[in-house]
Engineer: 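Please read through the structure below; I'll follow up with questions.
All figures in this text were calculated on a predicted structure; none of them were measured in a lab.
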Amino acid sequence: MSKIQDAFKNGKAFIPFITAGDHGIATTERYIRTMVKAGADMIEIGIPFSDPTAEGPVIQAASTRALSTGVKIDDIFDMVRRLRTGNDAITIPLVFMTYVNPIYVYGCEKFFAYCEAVNIAGVIVPDMPFEEKGELQHFASKHGVEVVSLIAPTSENRIEMIAKEAEGFVYCVSSLGVTGMRNEIKTDIKSIVDTIRKYTDIPVAVGFGISTPEQAASMAKVSDGAIVGSAIVKIVAEHGDKADDVLFDYVKAMKTAVAQA
């Protein structure tokens, strides 16, 4: 089974995010393949939700577009199953970015059993406080799915506690607030990453606000990889179901920048 840490075995990882069902589930499936060909080391697949509290306007709008197509969690599992089978099967780690509510409504046991069945390596649940992750951990661990912990600039007093129990990779949040592209990232990421590394040897990747190759390189320089969401989703918003070439070129440029960091 493809594990999250496989994404970091060849050096710095570039991790793009895409909202499942934005401009149709078939479009998402094609774009995931495009990003893999362009060099993505792991892909975060966002499960659209009506109240994505960690997301800025770009990803909120993508969730709204996706939900308007009638996409359901079962459709997303079916898409991942297709991606994982056949002669052109995707082998890099795939993780879900979702919220607690969709998992509970779907049913925890059923959700993680399906994750195992289609080889989803992990889940990122931004609205689940670290202290409450046991609510999902039992089901996730039973099915070999890693629950990724987030550490934000405000987590200073809790870094040791979170890092010691982290699995897969640590998602280091670069900026306060919601997801979205930022002109500059002012947080001292290096000091946060250095502190995390005192307590765990699993990879640390930085996300929230990264949109240019220069930003990706600077974040990857002090960590193990860069995560990009809003900039990818913006390309999909602008080009609809004809974003293949633009997406390929963008992901390739970002992967090159991260690899050279």
Side-chain angles (χ1 to χ4, degrees), residues 14-35 38 40 42-80 83 94-106 123-128 148 150 152 171 173-185 205-213 215-216 219 226-251 253-254:
F14 177 63
I15 307 165
F17 164 96
I18 190 164
T19 301
D22 188 3
H23 292 281
I25 202 76
T27 302
T28 305
E29 186 173 339
R30 202 173 73 243
Y31 288 167
I32 289 173
R33 292 192 187 281
T34 298
M35 293 192 290
M42 174 164 65
I43 294 177
E44 289 182 14
I45 301 170
I47 295 177
F49 180 49
S50 56
D51 191 22
T53 50
E55 314 299 356
V58 172
I59 297 178
Q60 280 188 22
S63 262
T64 301
R65 285 194 302 271
L67 291 170
S68 74
T69 71
V71 68
K72 301 284 192 291
I73 292 180
D74 282 336
D75 301 323
I76 299 168
F77 278 123
D78 288 342
M79 175 192 72
V80 177
L83 288 167
L94 300 174
V95 300
F96 279 146
M97 168 81 91
T98 185
Y99 290 83
V100 168
N101 184 273
I103 297 175
Y104 275 133
V105 171
Y106 194 79
V123 294
I124 303 163
V125 189
D127 66 338
M128 182 181 65
V148 174
L150 294 94
Y171 191 130
V173 177
S174 71
S175 313
L176 296 176
V178 294
T179 58
M181 297 172 286
R182 290 166 172 78
N183 292 328
E184 56 181 333
I185 296 169
V206 182
F208 278 53
I210 301 169
S211 61
T212 67
Q215 288 174 330
M219 293 297 105
I227 303 162
V228 172
S230 291
I232 301 267
V233 173
K234 190 164 183 272
I235 289 171
V236 177
E238 289 173 356
H239 297 272
D241 61 359
K242 296 177 178 61
D244 305 73
D245 292 344
V246 181
L247 201 53
F248 181 90
D249 291 345
Y250 179 78
V251 171
M254 295 295 273

Engineer: What pair of heavy atoms forms the shortest contact from V206 to S174, and how long is it?
Structural biologist: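 Distance-wise, the nearest heavy atoms are CG1-CB, 3.7 Å.
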
Engineer: Rounded to the nearest 0.5 Å, what's the gap from CG on L67 to NZ on K72? Could you check?
Structural biologist: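 If I round to the nearest 0.5 Å, the distance is 8.5 Å.
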
Engineer: Rounded at 0.5 Å granularity, tell me how far CG in D241 sits from CZ in R30.
Structural biologist: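 That separation rounds to 6.0 Å.
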
Engineer: Could you pull out the closest heavy-atom pair between A216 and M254, with the gap in Å?
Structural biologist: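 Taking every non-hydrogen atom into account, CB-CE, 3.8 Å.
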
Engineer: Please identify each residue that fulfils side chain to side chain donor-acceptor pair (under 3.5 Å) with D74, with sequence neighbours left out.
Structural biologist: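 Scan of D74 (side chain to side chain donor-acceptor pair (under 3.5 Å), adjacent residues dropped) gives Y106.
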
Engineer: Heavy-atom distance under 4.5 Å between the side chains of S230 and I59, does that happen here?
Structural biologist: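 Counting from C-beta outward, S230 and I59 do come under 4.5 Å.
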
Engineer: If you define the side chain from C-beta out and look only at heavy atoms, does anything of T98 sit under 4.5 Å from F49?
Structural biologist: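 No, side chains not in contact.
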
Engineer: Does some side-chain heavy atom of I76 sit less than 4.5 Å from a side-chain heavy atom of P48?
Structural biologist: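 Of all side-chain heavy-atom pairs linking I76 with P48, at least one is under 4.5 Å.
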
Engineer: Identify, with sequence neighbours excluded, every residue that meets side chain to side chain contact (heavy atoms under 4.5 Å, CB included) alongside A62.
Structural biologist: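 For A62, the residues satisfying side chain to side chain contact (heavy atoms under 4.5 Å, CB included) (neighbours in sequence not counted) are T19, D22, R65, V233.
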
Engineer: Do Y99 side-chain atoms and D127 backbone N/O form a donor-acceptor pair below 3.5 Å?
Structural biologist: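 Absent.
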
Engineer: Roughly how far apart are D244 CG and I235 CD1, rounded to 0.5 Å?
Structural biologist: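 Answer rounded to 0.5 Å: 11.5 Å.
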
Engineer: With heavy-atom distances below 4.5 Å as the criterion, would you say the side chains of I124 and F96 are in contact?
Structural biologist: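 Side-chain contact under 4.5 Å: no.
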
Engineer: So, taking the atom named CG in D75 and the one named CE in M79, what distance separates them when rounded to the nearest 0.5 Å?
Structural biologist: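 These two atoms lie 9.5 Å from each other.
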
Engineer: Taking the side chain as every heavy atom from C-beta outward, state whether M97 and Y171 have any atom pair closer than 4.5 Å.
Structural biologist: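 When only atoms from C-beta onward are counted, Y171 and M97 do touch, with a gap below 4.5 Å.
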
Engineer: Give the C-alpha distance, both sets of side-chain angles, the deciding distance and a yes or no for side-chain contact (heavy atoms from CB on, under 4.5 Å) between V251 and T34.
Structural biologist: CA-CA 9 Å; V251 171; T34 298; over 6 Å; no

Engineer: Give the minimum heavy-atom separation between T69 and A66, together with the two atoms involved.
Structural biologist: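 Answer, listing the atom of T69 first, then A66: OG1-O, 2.6 Å.
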
Engineer: Where is the tightest heavy-atom contact between L83 and R33, given as atom of each residue plus distance?
Structural biologist: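 Smallest heavy-atom distance, with atoms named: CA-NH2, 3.6 Å.
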
Engineer: Show, in sequence, the C-alpha distance, side-chain angles and deciding distance for Y250 and I232, and conclude whether the side-chain contact (heavy atoms from CB on, under 4.5 Å) test is met.
Structural biologist: CA-CA 8 Å; Y250 179 78; I232 301 267; 3.8 Å; yes

Engineer: Shortest non-hydrogen contact from I45 to A20?
Structural biologist: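 Taking every non-hydrogen atom into account, CG2-CB, 3.8 Å.
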
Engineer: Please report the interatomic distance CD1(I18) to CG(L247), rounded to the nearest 0.5 Å.
Structural biologist: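 Going from the CD1 atom of I18 to the CG atom of L247 covers 6.0 Å.
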
Engineer: For I15 and A205, work out which heavy atoms get closest and say how close.
Structural biologist: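 Taking every non-hydrogen atom into account, CD1-CB, 4.0 Å.
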
Engineer: Is a side-chain donor or acceptor of D249 paired with a backbone partner of V246 at a separation under 3.5 angstrom?
Structural biologist: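 No, because the side chain of D249 does not come within donor-acceptor range (under 3.5 Å) of the backbone of V246.
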
Engineer: Starting at CD1 of I227, measure out to CE of M42 and round the result to the nearest 0.5 Å.
Structural biologist: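 Rounded to the nearest 0.5 Å, the CD1-CE separation comes to 6.5 Å.
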
